[in-house]
Every structure is written in structure tokens, then in C-alpha cells.
2 protein chains.
Amino acid sequence: MSFARFKREAAISRQDICREMLASHRAAIKIQKEEVAIRNLERIYDATLRVSNQKGFQAMTMRDLSRASGLSMGALYDHLASKEELLEMIQSTGRRLTSRILKESYASVEDPGGKLAAAIRTHLYLSEAMQPWFFFSYMEARHLGDKEKQLAKQSEQRTERVFAGIIRQGNKQGAFNEADPNLTAAVIKAMVQDWYLKRWKYAKRRISVDRYADFVIKATLGCCAGINGAGKEAGA
Amino acid sequence: MSFARFKREAAISRQDICREMLASHRAAIKIQKEEVAIRNLERIYDATLRVSNQKGFQAMTMRDLSRASGLSMGALYDHLASKEELLEMIQSTGRRLTSRILKESYASVEDPGGKLAAAIRTHLYLSEAMQPWFFFSYMEARHLGDKEKQLAKQSEQRTERVFAGIIRQGNKQGAFNEADPNLTAAVIKAMVQDWYLKRWKYAKRRISVDRYADFVIKATLGCCAGINGAGKEAGA
DNA sequence: CTAAAAAGCGAGCGAACGTTCGCTTTTTTC
DNA sequence: GAAAAAAGCGAACGTTCGCTCGCTTTTTAG
């Protein structure tokens with residue numbers, strides 16, 4: 001599996017994201033026709049991530065967003081109830097979408113080493129395909145309301161539990177060498193996050209997501225691998 | 001070296017930080033007597049990190065800061081020129097202080113394995129001792145002006161170059177067998193950052209900084225180690 | 001083609017922001 | 001203890017914020 005193939009197969013377009021956004025927030029959006037609403041939501045979604053990821057969501061004014069999206073203030077507010085809801089809308093929709101894709105992607109692999117490799121690779125590829133959202137989601141989580149903030153934390157912990165579960169299984173089967181599953185999962189998560197949080201760094205060094213994935217997988221399996229070896233990666 | 005000992009020896013009190021802050025921004029601070037200025041700067045420093053790390057610097061109003069610090073709006077502005085300068089003041093002072101401490105701390109160790117372990121451990125211990133500042137520095141860097149933003153990036157890259165340099169040296173001496181020093185340094189940095197960015201996670205699981213340091217060092221050396229072994233840690 | 005419905009618009013509203021300044025209180029000096 | 005200096009104060013200022021609403025333009029329906 002390479003990133004090019006992942007992107008082709010996963011096919012998560014902005015249009016899909018915005019269709020999901022419209023469906024889950026239908027009441028707050030005044031625009032009647034789905035086609036019109038989605039087209040403009042795409043511009044709003046793009047502009048929000050572009051401006052926010054540069055200066056922060058709190059620092060982005062609705063006038064900034066109006067300019068960046070090409071919509072007037074009035075038209076903007078026909079597509080969202082408030083600035084606060086815009087944040088919640090983008091976060092919750094992205095969360096729902098990403099967790100669905102992740103769940104589907106590595107369920108089929110069986111041997112622990114291959115499963116761990118597939119999980120790491122899929123996380124990295126997905127975060128690459130939706131990098132602006134991942135960055136936004138991480139940096140702006142603390143501006144959410146208490147309830148949504150809790151959901152964001154839960155979502156993050158669920159990811160770690162996936163890694164930890166695979167490692168625990170590998171330990172039990174003797175494929176891994178009894179590394180601490182929780183701590184190992186935590187540092188895997190840290191390495192994955194660094195990819196989308198510090199993209200400029202890796203871009204400058206011309207490191208592709210494929211190469212980064214290879215490196216993280218090698219490092220992880222190097223630490224986990226038991227005597228009967230788990231260094232080879234399954235096809236996913 | 002344990003964290004308890006590090007904290008005793010390094011002795012970086014808020015008073016030291018604020019004395020440095022006053023000295024480097026003397027012109028912008030209207031208060032004449034050093035003792036008074038430092039005492040109040042400590043309250044401002046504490047309050048800024050406390051409120052900012054919860055809701056973000058941009059979302060923190062000067063009235064929030066007045067309330068949290070116990071100083072009136074007028075008194076506040078006798079200790080800083082503007083909100084923007086307050087951000088720059090905290091960031092640049094912390095940067096100067098931390099880089100000075102880091103430089104001194106592992107220069108003495110010689111063998112590559114011990115040196116890498118000491119570097120990782122010191123970074124973790126320092127980030128633990130000044131956790132609020134490290135978190136603040138990471139999250140609010142993008143609100144800095146262009147010039148200061150550049151300095152913050154440089155400071156981060158310098159840290160990574162320290163790790164990469166030690167690994168390269170270890171490769172040359174045959175202690176390490178690491179094909180990619182730059183990527184390894186990057187993921188070490190990522191693991192260190194996760195400690196102060198996700199403290200709540202580790203606190204909830206009751207993982208001490210000492211245990212986390214042991215884990216990161218073991219994982220790193222496990223990946224790097226060459227034939228003549230570098231798993232043992234020097235006393236530092 | 002026309003009338004109704006939908007979408008788009010931007011000046012203007014009250015609230016809240018960062019910052020100031022004339023005044024009071026506290027501390028220092030002689 | 002009186003005069004001078006320093007520190008502390010908070011109402012008020014101009015600006016900018018999120019958001020609204022009456023109006024115009026575009027699209028749809030008959």
C-alpha cells in the first residue's frame with residue numbers, strides 16, 4: 001500500500017465532507033437547495049482551515065472568513081448559525097468521517113506485526129490526505145465547549161487504544177517482546193501527530209509520507225518485535 | 001539522575017524567570033523598583049500561563065488577566081507595553097533560559113549512548129519543571145510576529161540538531177547503527193513534546209516523568225544500538 | 001414572460017476589546 | 001511628619017468584533 005493508492009481508494013473529497021456537514025447540521029443552515037449549500041460550504045470549509053491554520057481560529061474574524069471564502073457576511077450566516085457552531089461543525093464532522101475510515105481500513109489484517117504496521121500506515125496516510133483538518137482539530141480543540149471537548153479527547157484515546165490493543169495481542173501471541181502496550185501506543189501516537197503538526201519541517205527536508213511511515217513502522221516493530229519476528233508488513 | 005534531583009540542582013524559580021524578563025524589557029516596564037516589578041511580573045506570568053493554557057492567549061482578554069493576576073488594568077499596563085509584547089516577553093525569555101540550561105547539562109558526557117540518554121532525559125526533566133511555559137510556547141508560537149516566529153522555529157530545529165549530531169557521532173564511533181539520524185532526531189523530539197503537550201493523559205495513567213524518560217531512552221537506544229552496545233546510561 | 005421563492009448582499013447594531021489617563025493611595029526621602 | 005516619588009486604580013475612549021436585517025439579484029415554477 002502506498003499513499004498514492006490510499007488516496008485513490010479512500011476518495012475523501014471536500015464534497016463528501018461538506019455533504020456530511022450539511023446533513024448533520026441541516027437545521028442551522030438556511031439554504032434550501034443541497035447543491036448550493038454544499039458548494040458554498042466547501043468554500044467556507046476551505047477558507048476556515050486556510051485562515052485558521054495560519055493565525056488561529058480565535059484570531060480569524062468573520063470578515064476574514066468572508067473575504068477568504070468570497071461570500072458576503074450575509075451569505076456566510078445563511079450557512080452557519082454562529083462562529084462557535086462553525087468550529088463545532090468542522091470538528092465533529094471530521095471526527096465522524098476519520099474514525100469511520102480508520103475502522104474499516106485495518107480490520108482484515110491478522111498477524112500482529114502486519115496489523116500494527118497497517119494501523120500506523122493508515123493513520124499517517126489519512127492524516128496526510130486530510131492534513132489541514134487534522135492540524136485544525138488538534139490546535140483548536142480547546143476552543144470547543146465542554147461537551148465537545150470531551151468527545152475530542154475520547155476520540156484521541158480511542159486511537160491509542162487501537163494501537164495498545166494490537167500490541168497486547170502481539171504480546172499474548174508471542175510475536176512481540178512484552179513492551180508496555182500503553183506507553184508504546186502513546187509514543188506511536190506522538191510520532192503520527194508530529195507528521196501533521198510539523199509538516200513544514202518534513203516538507204523542507206523532502207521526506208514523503210511513505211518514507212516517514214516506513215521509518216515509524218520500522219522503529220516501532222524494532223522495539224516490539226519478539227523472537228519469532230514481526231518485521232515484515234502485511235499487504236493490508 | 002532523577003527528576004527530583006534535577007529540580008533541586010537546576011533551581012529555575014519563577015523569580016529567576018521574571019528577573020530575566022525585567023532585565024531584557026526594562027524600557028517597556030514603568031515600575032522603578034526591581035523588587036516590586038519582579039513580584040508583580042511573577043503574578044502576571046503565572047496568570048498568563050494559567051489562563052492562556054486553558055483558553056488560548058488570543059481568547060484571554062486583558063480583563064481576564066487583570067482578574068487572574070489580582071492587578072488592576074492600570075497596574076497591569078505599568079508592567080507591559082501591550083498584549084502583543086507580553087507574548088513576546090514570555091516566549092523570548094523562556095527560550096533564552098531553557099536553551100542556556102540545556103546547553104550546560106549534557107556537555108560533559110562522552111560515550112554516545114550515555115550522551116543521547118542524558119540529552120533526552122534533560123529535555124524531559126526541563127519540560128516537566130517548566131511545563132506551563134513549554135505548552136504555552138508550543139501552542140502560541142503562531143501568534144508571534146514574523147521575526148519572533150522565525151526565532152522560535154530556529155530554536156526548535158537547534159534541539160533536533162543536537163539529537164541528530166549525537167547519533168551521527170555514535171554512528172561514526174561504531175556505537176550506533178542508525179541509517180537516518182535526522183528522522184530519528186525528529187521522532188525523539190516528537191516523543192519529548194508529547195510529554196508536555198499531553199500531560200493530562202500521562203497524569204491520568206500515573207506515569208511519572210522518570211518512567212517516561214526511561215521508556216523513551218530504551219526505545220531510542222534499542223533502535224540505534226550497534227554491535228558494541230550502547231544500552232547502558234551514563235551518570236550524567 | 002411573470003410572479004414567487006431562494007440566494008446574496010453590506011451598512012449598521014450593541015457588546016466587548018485593548019489601551020489610556022487623571023486621580024488616589026502607598027512608600028520613600030529628608 | 002510633611003513633601004515628593006512611586007505604585008495602583010478603574011471609568012472612559014475609539015476600534016473592532018460577531019451578528020442582523022431590509023433590500024437587491026438570481027433562480028425556479030407555471
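Quick caveat, the model's predicted, so the values are computed rather than measured.
Protein atom CE of Met60(A) is 11 Å distant from nucleotide atom C1' of dG18(D), rounded to whole Å. Summarising the geometry, the separation between CD1 on Ile31(A) and P on dT28(D) is reported as 13 Å, rounded to the nearest angstrom. Between the P atom of dG18(D) and the CD atom of Glu84(A) lies a distance of 12 Å, rounded to the nearest Å. Spacing between atom NZ of Lys30(A) and atom C1' of dC21(D) amounts to 10 Å, rounded to whole angstrom units. Rounded to an integer number of Å, the gap from CE of Met73(A) to P of dG18(D) is 7 Å. Across the protein-nucleic acid pair, Arg63(A) atom CZ and dT20(D) atom P stand 13 Å apart, rounded to whole Å.
Within 6.0 Å of the CD atom in Gln54(A), the count of heavy atoms belonging to other residues, nucleotides or ligands does not exceed 12.
Within the 4.5 Å cutoff, no side-chain heavy atoms of Gln150(B) are placed close to those of Lys147(B). At a threshold of 4.5 Å between non-hydrogen side-chain atoms, the residues Phe136(A) and Leu87(A) count as touching.
Judged by distance alone, the side chain of Asp210(A) and the main-chain N or O of Ser2(A) form no donor-acceptor pair under 3.5 Å.
Protein chain B contacts DNA chain C over a range whose 5' and 3' limits, counting nucleotides with an atom under 4.0 angstrom from a non-hydrogen atom, are dC17(C) to dT28(C).
A salt bridge links Asp16(A) to Arg19(A): one of the charged nitrogens lies within less than 4.0 Å of a carboxylate oxygen.
Both cation-pi conditions hold for Lys83(B) and Phe57(B): the charged atom is under 6.0 angstrom from the six-membered ring centre and inside a 45 degree cone around its axis.
Along DNA chain D, the nucleotide nearest Arg39(B) and the nucleotide nearest Lys33(A) are compared for position; the residue whose nucleotide lies closer to the 5' end is Arg39(B). Along DNA chain C, the nucleotide nearest to Asp78(B) and the one nearest to Glu34(A) differ in position, and the one closer to the 5' end is contacted by Glu34(A).
If you check every strand for non-hydrogen atoms under 4.0 Å, Ser82(B) touches sugar and phosphate atoms only.
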